[in-house]
Asks: 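Structure in structure tokens, see below.
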Amino acid sequence: MAVDKSKAAQFKHVSYLWDDGKIPADEVDNFIQRSNWLGADLRLTNYAGGNTSVKVKETDPLSGEPADVLWVKGSGGDLGTLTMGGCASLYLDKFYALEKLYKGKAHEDEMVGYLPHCTFNLNKTAASIDTPLHAFLPHKHVDHLHPDAIIALAACKDGEKVVADLFEGQLGWVPWQRPGFDLGLKLRECHQRNPKARGIVLGGHGLFTWGDTSKSCYENTLEVIEKAAHFLEERAKKVKFFGGKVRDSLPAERRRAQALQIMPVLRGLTSSVKKTIGHFRDDAPVLEFLESKDLEKLAATGTSCPDHFLRTKRCPVVLPLAPDADPTTEDARGKLEAQFAKYREDYAAYYERCKHPDSPALRPPDPVILLWPGVGLFSFAKDKQTSRVSAEFYVNAINVMRGAESCGGYVAISEQEAFNIEYWALEEAKLRRMPPEQALARRVALVTGSASGIGKAIAERLSKEGACVVIADLNLEAAEKTAQEINARTPERAVAVKADVTNGEAVAAAFGEAALAFGAVDLIVNNAGLSLSRSLAETSEKDWDLQYDVMPRGTFLVSREAAKQFERQKLGGDILIIASKNGVVAQPNNIAYGTAKAAQLHQIRLLAAELGPKGIRVNGINPDAVVKGSGIFASGWGADRAKTYGIKEDQLPAFYASRTLLNKEIEPADIANAAFVLAGPDLGKTTGQVLNVDGGLAPAFMR
Ligand SMILES: [Zn+2]
């Protein structure tokens, strides 16, 4: 069996994925499969938006009697990856009995507390606020989605009439109301008024559709959305989008160049309360909106679907810069600072205007979405996934505005309603349930030479502690592999960039990539290095230059570029330098490496002295030889050192350990631990410090 091609051909605006051959026999598994297919198409619903349900007979585990049970997607998660574990299950008779306890709209939030009492079979997944919406509709299978095409109709001036005309009365209409027990009752009433309806549009919000079988529900949902999308496409042919084009965008390369220049500035400006992580996109739907006449007007109107503005804030900022302006000048900075200050003021005023006596406290007032006409869309949020999804949601909002504008005009939900959702006690409770942020959350680290060895261990540790990491290495392929390994563990935490630390231009390019990926960096680990064990007579000028180029010069170039990016963000920063005990201890056959490390050691003190007033801390680590996982040892240094000490190469770890006071071998993870401690929150007042990680070597004691 495969997807029915003739059926699939009926859909142009959505993907028909139903495949009878892949349908599980179990009814609940079947509904999960349907949900996954729905969630796979962003035109059907936004990321993590919407929910689906099925009503089935289950056996009551206590009585052994049959029971009517509602399975419905729980709080959080995305339909595309929904599993049984993400679904709540409730006894329907217990749920319906709750109506007797309902005291009216003013008390509707109290009903949320009763939902856990309806749980079937001790299921731990919490029922979401949308649960009553599914329960009160009498159909076996129910889909609730946020398709841009339907929200466009639901957010246009005469939405109810447009929907009634287009669907010839087959879709009901319930005006905007925030989700909850009461909206569930309104859906039931609407359905009772129009029992033959195939679905209901929620004003300013989204769509409910249903069916007696999972397949008929799926096809009904797709047909309704396809019809709306087709209608909008036809309308679009007759009108100028957003009032027509009034400006050109820069070519792609120039947009990218402008974006990476401005991102550190924007990251700084959006981090007034807590640091943010950035995202940039400049695809066609974004540019079309930014080029349009109505940009300013529509941006100020605010977004509609609650899912959208919860992530994007009600309104974005339109940056007051020409597309080709240099965003790093004092003049540009002044304009941006004034605009962001105004945004924060306006946001605080909105809070004051709309707050209730029991509203949660004001949240960080920084904007999330920043639009630079001619260049693209920037988003800044607590982590990469959130900023990327926020940008995605703003594009959903653009699609909605475009559709609604072509059908008589876009109407956002009122400021007070938006506030009531944004500062809803239940939303606040959701935020409070989130686990505390990790020690290095909201930080961005760039680690040089981090495709392998000590650098890789450091990047892994920092990412495990919540930091985004830029794997900068001469070997891009290996760096990409390391980034993939990190992302497999902690998604959207790592990117790989090629970095030749001996070349100023290449270093600047690597920092540009980092800015484009995450906004900017605020933690640098100068780790790239190499060593050639040679006697004085055997050390060639090339040997000398190479080690000096990679280590003292590399650290200088990387730190200089870091300081420049830190300066644009104005958030301070951290520079770590991985030096070596060889910078302190004199041993034979080490003239170039030892002095290069000594130069790096002194850079720690010099840079700490110079950059301290800007809030930049500079610290270092002096490891003893790390043999395990070391590219340096594997590429000849190990053999040379073994010869110097008159032992076999595989005896080196034990040999090095035996020289230490603690008799311990030093491993990459030990250096990574030290990097975490120096960069972490506990040593925020320490700078110019060098931490020995050497198992205790008296000649290497710092003084
Ligand atoms: Zn919804």
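Indexing begins at 1, ligand by ligand and atom by atom, following the structure's order.
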Asks: Provide the tally of protein N/O/S atoms nearer than 2.8 Å to the Zn ion (ligand 1).
Replies: 3
Asks: With a 6.0 Å cut-off on ring centres, are Y218 and Y16 close enough?
Replies: yes
Asks: Which residue pairs pass the ring pair (Phe, Tyr, Trp, His ring centres under 6.0 Å) test when at least one of the two sits in residues 31-52, sequence neighbours left out?
Replies: W18-W37
Asks: Tell me whether the NZ or CZ atom of K355 lies within the 45° cone about the ring axis of Y423 and under 6.0 Å from its centre.
Replies: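 No - K355 does not lie over the ring of Y423 by the 6.0 Å and 45° rule.
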Asks: Provide the full list of salt bridge (charged side-chain N to carboxylate O under 4.0 Å, His left out) pairs with a residue in residues 32-41, sequence neighbours left out, each pair given once.
Replies: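 Every pair satisfying salt bridge (charged side-chain N to carboxylate O under 4.0 Å, His left out) with a residue in residues 32-41: R34-D143, D41-R43.
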Asks: Should the pair F378 and F280 be assigned to parallel (<30°), tilted (30 to 60°) or perpendicular (>60°) ring geometry?
Replies: tilted
Asks: Can you run down the salt bridge (charged side-chain N to carboxylate O under 4.0 Å, His left out) pairs that involve residues 173-188, sequence neighbours left out, and say none if there aren't any?
Replies: E99-R188, D109-R178, D182-K186
